[in-house]
Amino acid sequence: MPRLKPLVDIQRLASDTYAYSVGARGSEAAADTDGGAFETLAMCIFDAGASLGQYFAEVELQFEGMLLGSLTTDALRREPHALAARIQAAC
């Protein structure tokens, strides 16, 4: 049986504010700021990994509607600054 991989959709709310929502690929979910808005992309990535790591080994990551691929929740927790730099360079 394949493992479930939720979609973490990160949205930029303002030039220095980010939020993420968690859903399934193909579903439409607005950014959920109930969990908070984050001042940096790295903080947002870290929180997603920390929140989901106890439930999921991997997630699909999307930024501003662009699917970036699968990542381990461990990578989100351990390398948020490096991931944020790669995302910002690519987008």
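Note that this is a predicted model, so its numbers are computed, not measured.
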### Message
Is there a path of hydrophobic side-chain contacts, each under 4.5 Å between heavy atoms of I/L/V/M/F/W/Y residues, joining L71 to L52?
### Response
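Shared cluster, yes.
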So how far is it from [X] [atom1] to [Y] [atom2], rounded to the nearest 0.5 Å?
X   : Y   : atom1 : atom2 : value
T17 : M43 : OG1   : CE    : 10.5 Å
I10 : F38 : CD1   : CZ    : 9.5 Å
Y20 : D9  : OH    : CG    : 12.0 Å

### Query
Does anything in residues 64-76 pair up under side-chain hydrogen bond (donor to acceptor under 3.5 Å, both in side chains), and if so which pairs, sequence neighbours excluded?
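As it turns out, the side-chain hydrogen bond (donor to acceptor under 3.5 Å, both in side chains) pairs with a partner in residues 64-76, which skip direct neighbours, are K5-S70, E60-S70, D74-R77, D74-R78.
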### Message
The criterion is side chain to side chain contact (heavy atoms under 4.5 Å, CB included); which residues satisfy it with I87, sequence neighbours excluded?
### Response
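So I87 forms a side chain to side chain contact (heavy atoms under 4.5 Å, CB included) with L41, I45, L61, F63, L68, C91.
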Do you know the tightest heavy-atom contact between [X] and [Y]?
X   : Y   : result
L67 : Q62 : N-CG, 4.1 Å
L13 : A37 : CD1-CB, 4.3 Å
G36 : A19 : O-CB, 4.1 Å
A42 : A84 : N-CB, 3.8 Å

### Query
Going through the checks in order, is the side-chain contact (heavy atoms from CB on, under 4.5 Å) test met by V59 and V22?
CA-CA 9 Å; V59 298; V22 178; over 6 Å; no
